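Inspection log for the structure reproduced underneath, given as structure tokens.
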There are 4 protein chains.
Amino acid sequence: MTLADQPTPVPDGAPGQPAKRGRRADAERNRAAIMEAAGAVFAEHGGTVDVREIARRSGVGMGTLYRHFPTKDDLLLTVLEKQFGSWLADAHQQATATEDPWQALSGFFEQMLTTQAGNRAVVESYTTRGGPTASCAQRCYAFIDELRTRCMDAGLLRPDVTTDDLVLLSGSLSQAVLTTADSRPGQWRRLLRISLDGLSSRNTEPLPEPAPSTEPEPEPSTSPGRSTS
Amino acid sequence: MTLADQPTPVPDGAPGQPAKRGRRADAERNRAAIMEAAGAVFAEHGGTVDVREIARRSGVGMGTLYRHFPTKDDLLLTVLEKQFGSWLADAHQQATATEDPWQALSGFFEQMLTTQAGNRAVVESYTTRGGPTASCAQRCYAFIDELRTRCMDAGLLRPDVTTDDLVLLSGSLSQAVLTTADSRPGQWRRLLRISLDGLSSRNTEPLPEPAPSTEPEPEPSTSPGRSTS
Amino acid sequence: MTLADQPTPVPDGAPGQPAKRGRRADAERNRAAIMEAAGAVFAEHGGTVDVREIARRSGVGMGTLYRHFPTKDDLLLTVLEKQFGSWLADAHQQATATEDPWQALSGFFEQMLTTQAGNRAVVESYTTRGGPTASCAQRCYAFIDELRTRCMDAGLLRPDVTTDDLVLLSGSLSQAVLTTADSRPGQWRRLLRISLDGLSSRNTEPLPEPAPSTEPEPEPSTSPGRSTS
Amino acid sequence: MTLADQPTPVPDGAPGQPAKRGRRADAERNRAAIMEAAGAVFAEHGGTVDVREIARRSGVGMGTLYRHFPTKDDLLLTVLEKQFGSWLADAHQQATATEDPWQALSGFFEQMLTTQAGNRAVVESYTTRGGPTASCAQRCYAFIDELRTRCMDAGLLRPDVTTDDLVLLSGSLSQAVLTTADSRPGQWRRLLRISLDGLSSRNTEPLPEPAPSTEPEPEPSTSPGRSTS
DNA sequence: GATGAATGAGGTTTCATTCAT
DNA sequence: TATGAATGAAACCTCATTCAT
């Protein structure tokens, strides 16, 4: 509800609203072109690509690029934020429209992995910054927390699963998507199913304690059959 | 004996054979120092670190480094292969010593994630090369296949879980380890438990078909309670 | 009349005369705004400032700026010329009103250094172009020559002081003003006094020969007391 | 005595001392070549020249240049410091060898302006940094202070002349040298003589108060004849 | 064989000037 | 005509690799 706001401050494409200043039309088109090109290029090659590639692909000069984004990193962050934001909006809407809490949760993963996770830059960001952006992380956390609560209230989710667990899982699966994108696309869906099954309330064994900043008791695991007793 | 530090598992020097030329001792010591330093540096900073950092840390000059490894990438691959290989040997030994097939499998994951996955270069390699090396991938695949078979034969593993699934899972969890290494170390163990629970034969729902190079039917998932009927 | 854009101190618009074409008024206002802003910005930061800073400060777009001044250097020269010119007019007027020739001379320096020399662009111009402009240099030379003649005729000035000497002195002191503008403003007045004292006819020792394009005899100087004998 | 130490920490050209490590010979030669080229280029064009020009002139690649000096500014500062330092050493030695205090003072100016002041970078540094370097400024100040004291003790210098005055004068005259370097080289000597005459104890009129951070009383000056009464 | 200085292509960023709106 | 976005040629700096000592 309250979350998943517009990723960009000014939608600018609001119908019936003529562009206030005629000059901005081109600029906005260029900015969009840059962001699109950057999105694609970053997604494909990660955050280390030559900025020139982006300039070339978007059909603008270097100066234009740097007029819109004062820094390469700025561009990257903006792109990530936008992609993430628009994805989050979709995901939220879709989740809201889904009545079954479990379907909402699994649909969320499904959509996220389909949409975002082939994106090299996004996956990189998980390891280099802990997610695209602080804001992204926050919003995403809130959203996932909502999904978790719904499932928990319905008794579908393993009781001690935390939101952090789900967030971490999403990042983890993103990597899987990237890994198999070329060779075996779609294989990640099997991993997703496995994980979801592991999350279900059928599993009663408690999860190991997180123990922040400390190595938790390394008691590894036991044969699954034991959990029934 | 004391010389000839196997970079590759192949022993390379027949025992009892004294070093023919006095220089070899130094060279071998240097090579070892480089590999150790490179291992640490790559693990910490990933594959993009300045080669000089490695030279500095190993106490040799750039020329020496490049005499042993014609290319930065060569060094990286060799290091990954060695680290991976020695880890694999340990893992294999440990798994062989474990009678309970499920324990063997979970112990494998536990050890792998503990040993390898804090390693930035390794995790990077999953996304950039599909694993450290072809040889690594092969050996690892064979090993995991062995573990899978044992579990399968014992009826502990979900019947349609493939070795590819387990390989992918290991890479996926590696990412999770890296992500939370600083902020919440050990949280990955919770994910591991969840995944293992999802892998257990208690889950009877079939996994989605891989369908290579094609989008498999996107039927996402349903509430977990349904699977019993 | 109203057209014809004087770069020189001539006021430019006869009063009571309506602008023939409406646009010209705006254009003239813009030009003035640009020159004022440029004057301030160049004075503060020197000739290397970003042109945009000037455009911003003057409230006009880049296009307008470049319509009025085809080149950054053009703008700089025009500004320098104007500032210099208006200062020169003041100085001339003031000097004319001063009866005491020596007071006229010292007042000239005083006013120049107060008005112009905090100006980074002006001082820079001395070293990069030998003064703001050829025209400036000419007019300034003529003016100083006049002052020199008056002092000389009154027997107040050292007999072999040339106009070039005085011109050079003014540039030299300008640098002093700039150097101490922040740390010790006003210190230059001490230097000025010293220089003026050195210029007075009390000093009878002849000055070294200029010897154009040649190293004059390097006979350095002797203790001042000796000069009487 | 205590001042005017070696500008570079290691003279390196000390006779009879073989270079400790053979490798350094080339490097040192390159470093010297770079500093020489940079000295010339900076002197001629100021601190804004393209670094490539220096690389080209010194016959080394960009990397070499940046190996020795991590930053363009670093190079500039080092060059200035060295030039200044070696000049200062000479100047000090020469001054010490001169018995007549006034000759020592005027010789100092003479030498400084001959040696340093055709140097664009040095003069620039007066306005942008208040001198080449903090260390330079300090040492120079101490040196000039010594000269001033000697003259003062001999009763040759105007009593209220401060060391700051002399420092400022030197910077001011530097500018004069630069200004006339091409057109009328040597003219600055006339200015120097005038200034020195103005500094002599024959001038009894007190200098205006510095009044730090405040506009001192603007009483400009009067005809020189008045000072006798 | 070892060393680390040298190389120079390539990366990011700036800014005087032009041009579409 | 005014605007300010677009341009792209440098400028500074990095780093994988080579080479003289």
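These figures come from a predicted structure and were not determined experimentally. Numbered from 1 within each chain, the chains take letters A, B, ... in sequence-line order.
Atom CD of B:Glu36 is surrounded by 12 or fewer heavy atoms from other residues, nucleotides or ligands within 6.0 Å.
A heavy atom closer than 4.0 Å to some atom of DNA chain E occurs in no member of residues 35-46 of chain C.
For the pair A:Glu124 and A:Arg120, the salt-bridge criterion is not met [side-chain N within less than 4.0 Å of a carboxylate O]. Salt bridge annotation for A:Lys72-A:Asp50: absent, with no cationic side-chain nitrogen under 4.0 angstrom from a carboxylate oxygen.
Taking for each of C:Gly63 and B:Asp50 the nucleotide of DNA chain F with the nearest heavy atom, the 5'-most of the two is the partner of C:Gly63.
Checking the phosphate oxygens (OP1, OP2) of F:dA6, a side-chain nitrogen or oxygen of A:His68 falls inside 4.0 Å. Close to F:dA5, at under 4.0 Å from its OP1 or OP2, lies no side-chain N or O of A:Asn30. Between E:dA5 and D:Thr64, no contact under 4.0 Å exists linking OP1 or OP2 to a side-chain N or O. Within the structure, a side-chain polar atom (N or O) of C:Arg67 is placed less than 4.0 Å from OP1 or OP2 of F:dA2.
Remark: A:Asp74 engages no residue in a salt bridge (Lys or Arg N to Asp or Glu O under 4.0 Å) (not counting sequence neighbours).
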Walk me through it: do B:Gln83 and B:Phe42 pass the test side chain to side chain contact (heavy atoms under 4.5 Å, CB included)?
CA-CA 11 Å; B:Gln83 292 180 327; B:Phe42 281 141; over 6 Å; no

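Taking atom OH of residue C:Tyr66 and atom C1' of nucleotide F:dT3, one finds them 15 Å apart after rounding to whole Å.
The nucleotide whose nearest atom lies closest to any side-chain atom of B:Met62 is, among E:dT7, F:dT17, E:dC15, F:dT17. Distance from the side chain of D:Val51 is smallest for F:dC12 among the nucleotides E:dG11, E:dA2, F:dC12.
Taken together, the paired segments of DNA chain F that extend over three or more consecutive Watson-Crick or G-U pairs, each closer than 3.5 Å at both contacts, are E:2-21 with F:2-21.
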